[in-house]
Amino acid sequence: MLRYFFRRVIALVPVVFIVSVFSFALLYMAPSDPITMKYAKRGEMPPAEVIAQEKAALGLDKGFVQQYSNWLTKALRGDWGSSYDTNQQVAEIMKSKLPNTVLLTFSAVLIMLVFAYPLGILAAVYRNRWIDYAIRLFSFWGTAMPTFWLGLLLMYWMGVRLRLLPVMGSGDFKHLILPATSLAIWLIALYCRRIRSGIVAEINKDYVTGLKARGYSNTRIYLRHIIPNASISILVMLGLSIGDLLGGSMVVEVIFGWQGIGSVALEAVAYRDYVVLQAYVVWMAIIYTFVNLAADMLVCLINPKVRLTEKAV
Amino acid sequence: MNIWIKKIIDNKIFCLLLTLNILLVVFFLFAPQFAPNSPIEIHADHALLDSSGQYPLGTDQLGRCFLSRLLYGGKSSLLMTIGIVVFISLAGTTVGIMAALAGGAAEQSFMRFLDVVLAIPSMVLVLVMVSIFGNGIVTTTIAIMSVSWITYARISHSLVLEFRESNFIKQAHMGGVRSVRILFKYVLPNVFPHIIVVATQDFGDKLLLLSSLSLLGLGAQPPTPEWGYMLSEGKQFMQRAPWLLFYPGFLIFIHVIMFNLLGDRLQDILDPKET
């Protein structure tokens with residue numbers, strides 16, 4: 001298990017490295033440069049020598065390999081440069097904003113787990129009865145519902161009409177409820193369908209019949225066998241969904257004024273603030289790959305089949 | 001291939017859904033014809049009016065006829081979404097099949113490329129592409145295309161892998177059938193139905209992606225009416241004029257749900273084991 005874990009981590013190193021080269025290269029090739037952007041924003045254009053001088057000061061006149069290695073050695077030491085736009089340290093922006101996005105994403109996943117499992121199990125147990133149809137209808141509605149529209153409607157009803165929750169803002173629990181719910185409803189809709197089909201696929205297997213024949217209670221069979229077995233594939237899918245969530249949370253963050261990394265990235269795009277964007281891409285890739293690694297590890301812990309084949313390899 | 005077409009035509013619900021979908025899209029492509037007023041003409045003294053004879057759905061914050069803006073607002077997003085789905089499914093499938101059939105170093109480098117790209121959440125990649133290509137509905141479309149063809153490449157690659165080593169391909173090779181003929185006669189018919197299903201289900205996702213980018217201010221630029229961007233404008237006036245929020249979102253929702261229904265139906269027909 002530990003060996004498998006280390007092998008997986010080592011296998012990730014080249015991927016993360018290439019992602020960093022990739023993100024650096026994309027932005028290196030981008031047509032507009034920060035110095036020109038800065039002066040364009042101020043509305044005055046200094047002579048070309050001044051621009052060239054400032055570019056040289058930032059190291060923007062050097063070749064690709066030189067620029068990349070400069071950036072990488074600094075980044076590894078925790079210096080991600082400072083924002084072209086606000087002059088703030090990128091590492092500090094990340095440190096203050098990233099936890100908010102992670103909090104939002106994980107609250108959404110938590111809400112999803114609390115609601116999707118009961119719904120999925122109900123639908124599977126009472127399959128093809130009215131409750132199953134109702135849950136499937138909800139799931140169909142929820143996956144088609146634009147997250148941003150749902151967020152705006154929630155904001156309108158909860159914030160403006162009923163005045164139960166603050167409309168916009170960031171930081172405390174009250175402000176978290178609406179954005180997390182708008183993300184979670186989409187997730188619940190997606191996952192209660194998957195959980196249902198995962199459980200239905202298990203119900204007809206021979207081992208369930210065997211357990212029933214030996215007189216185990218239905219509750220025990222569900223709790224100890226069917227649900228854990230169905231959860232394995234759910235876990236893998238959840239790891240992959242985190243990518244959509246990290247990206248998708250941006251819209252919700254902007255709508256609700258939640259101070260996360262998504263709104264920072266959006267501003268960085270608007271101002272062509274490439275230093276911030278580079279850090280954003282690399283960090284998103286790191287989080288995403290490691291969440292997936294964690295999901296695989298959990299599967300490995302739960303599922304003896306994977307555990308044993310990994311040992312054999 | 002003919003079996004599939006027959007199966008599809010025999011399915012009455014699918015035909016009904018397909019007709020409805022086509023009607024819906026065609027209606028919004030020609031909807032500007034029915035607009036009662038100009039979608040961009042500003043009347044500051046008519047701002048945020050409720051519905052009336054002159055403005056059936058009221059006006060927005062600049063006194064522009066809201067119904068006209070709604071009718072104009074679908075055209076560009078729907079056209080762009082159709083363009084995106086058609087382009088990425090064709091391009092992605094071509095690359096995926098090529099990689100799977102080529103094998104060797106080409107396939108290996110394709111797989112490593114996938115490893116790297118799939119390590120970055122797709123929305124993040126789209127954002128990077130937008131930052132390179134610039135804001136605007138066309139550049140955003142190109143940004144989405146440049147990222148999302150990869151999904152199709154991955155799917156078609158793994159589909160071909162499933163039967164690349166199977167006997168009917170081997171026999172065709174042994175029988176001296178030319179590679180091009182194998183591609184069109186044996187490979188494509190096995191990949192095509194799946195890709196069609198994925199593409200139909202993808203339409204809603206891409207429409208959502210495009211409108212959320214517009215909502216963020218990266219897509220359609222004002223004063224062009226676009227449903228996603230209209231939502232972000234409406235947000236500021238939700239207390240006085242909540243209708244500015246209701247209709248654009250509802251129109252996006254209707255399109256997504258119609259195409260999801262169509263896609264699910266198609267999947268039931270072409271790929272019954274999935275459900």
Side-chain angles (χ1 to χ4, degrees), chain A residues 11-12 14-19 21-23 26-27 29-32 140-141 143-150 152-153 155-156 159-161 167 197 240 242-251 254-255 262 265-266 268-270 272-274 277-278 280-282 284-289 292, chain B residues 112-113 115-135 143 146 201 204-205 207-209 211-218 227-228 231-232 234-235 238-240 242 244-261 264 274-275:
Chain A
L12 283 183
V15 172
V16 172
F17 174 72
I18 297 173
V19 166
V21 177
F22 185 71
S23 69
L26 284 175
L27 303 166
M29 291 183 301
S32 54
F140 196 77
W141 167 82
T143 43
M145 191 75 183
T147 313
F148 47 85
W149 191 42
L150 184 69
L152 287 168
L153 291 182
M155 186 193 262
Y156 176 69
V160 176
R161 290 299 288 272
V167 171
S197 58
L240 296 173
I242 294 289
D244 288 339
L245 263 182
L246 286 172
S249 75
M250 183 192 315
V251 187
V254 170
I255 287 177
L266 190 67
V269 171
R272 302 291 182 268
D273 199 344
Y274 291 130
L277 261 182
Q278 279 163 349
Y280 173 70
V281 174
V282 174
M284 286 293 119
I286 289 176
I287 295 177
Y288 186 37
T289 30
N292 276 305
Chain B
R112 294 291 84 78
F113 172 73
D115 278 350
V116 173
V117 176
L118 294 178
I120 309 173
S122 60
M123 182 75 178
V124 175
L125 269 184
V126 170
L127 204 67
V128 171
M129 289 304 174
V130 172
S131 84
I132 293 173
F133 294 133
N135 302 0
S146 68
Q201 289 172 333
D205 280 358
L207 182 62
L208 284 180
L209 183 58
S211 17
S212 60
L213 287 172
S214 288
L215 185 141
L216 293 173
L218 302 173
W227 294 333
L231 276 177
S232 78
K235 181 189 157 199
M238 61 163 67
Q239 280 194 333
R240 279 183 61 197
L244 296 179
L245 280 188
F246 297 151
Y247 299 114
F250 182 72
L251 287 176
I252 299 174
F253 171 67
I254 282 294
H255 280 89
V256 176
I257 212 160
M258 287 305 288
F259 273 89
N260 283 2
L261 274 174
D264 287 359
E274 275 290 307
T275 43

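Chain identifiers are assigned alphabetically (A, B, ...) following the order of the sequence lines, protein sequences preceding nucleic acid strands; residue numbering begins at 1 within each chain.
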Straight-line distance of [X] [atom1] to [Y] [atom2], nearest 0.5 Å:
X: B:Met123; Y: A:Leu245; atom1: CE; atom2: CG; value: 12.5 Å
X: A:Arg161; Y: B:Met238; atom1: CZ; atom2: CE; value: 12.0 Å
X: A:Met284; Y: B:Leu125; atom1: CE; atom2: CG; value: 12.5 Å

Which one of B:Pro242, B:Pro248, B:Gly204 has the most heavy-atom pairs closer than 4.5 Å to chain A?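 If we count pairs closer than 4.5 Å to chain A, B:Pro242 comes out on top.
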
Which of the residues B:Leu261, B:Leu218, B:Asp205, B:Ile254 is involved in the greatest number of heavy-atom pairs with chain A at under 4.5 angstrom? B:Leu261

Can you tell which of A:Val282, A:Leu266, A:Thr289 has the highest number of heavy-atom pairs within less than 4.5 Å of chain B? A:Leu266

Which of the residues A:Leu150, A:Leu153, A:Ile255 is involved in the greatest number of heavy-atom pairs with chain B at under 4.5 angstrom?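 Top option by heavy-atom pairs under 4.5 Å: A:Ile255.
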
Check each atom of A:Tyr156 against the heavy atoms of chain B and say whether the ones under 4.5 Å are side chain, backbone, both or neither. both

Which region of A:Ile242, side chain (C-beta onward) or backbone (N, CA, C, O), has a non-hydrogen atom less than 4.5 Å from a non-hydrogen atom of chain B, or is it both or neither? neither

The side chain to side chain contact (heavy atoms under 4.5 Å, CB included) partners of A:Ser197 (sequence neighbours excluded) come to none

Of all heavy-atom pairs between [X] and [Y], which one has the smallest distance, and what is that distance?
X: A:Gly243; Y: B:Pro121; answer: O-CB, 3.3 Å
X: B:Leu118; Y: A:Tyr288; answer: O-CE2, 3.2 Å
X: A:Val251; Y: B:Ser212; answer: CG2-CB, 3.9 Å

Would you mind reporting whether [Y] and [X] have side-chain heavy atoms less than 4.5 Å apart?
X: B:Val128; Y: A:Val281; result: yes
X: B:Val124; Y: A:Tyr280; result: yes
X: A:Leu277; Y: B:Ser131; result: yes
X: A:Ile18; Y: B:Arg112; result: no

Judged by atom type as modelled, is there a donor-acceptor pair below 3.5 Å linking the side chain of A:Trp149 to the main-chain atoms of B:Leu245? yes

Whether the side chain of B:Lys235 engages the backbone of A:Leu152 through a donor-acceptor N/O pair (distance < 3.5 Å, no angle test) should be reported. no

Show, in sequence, the C-alpha distance, side-chain angles and deciding distance for B:Leu216 and A:Met250, and conclude whether the side chain to side chain contact (heavy atoms under 4.5 Å, CB included) test is met. CA-CA 9 Å; B:Leu216 293 173; A:Met250 183 192 315; 3.8 Å; yes

Contacting region of [X] [heavy-atom separation from chain A under 4.5 Å]:
X: B:Leu207; answer: neither
X: B:Phe246; answer: both
X: B:Leu215; answer: side chain

Test side chain to side chain contact (heavy atoms under 4.5 Å, CB included) on B:Ser232 and A:Phe148 and set out the steps. CA-CA 9 Å; B:Ser232 78; A:Phe148 47 85; over 6 Å; no

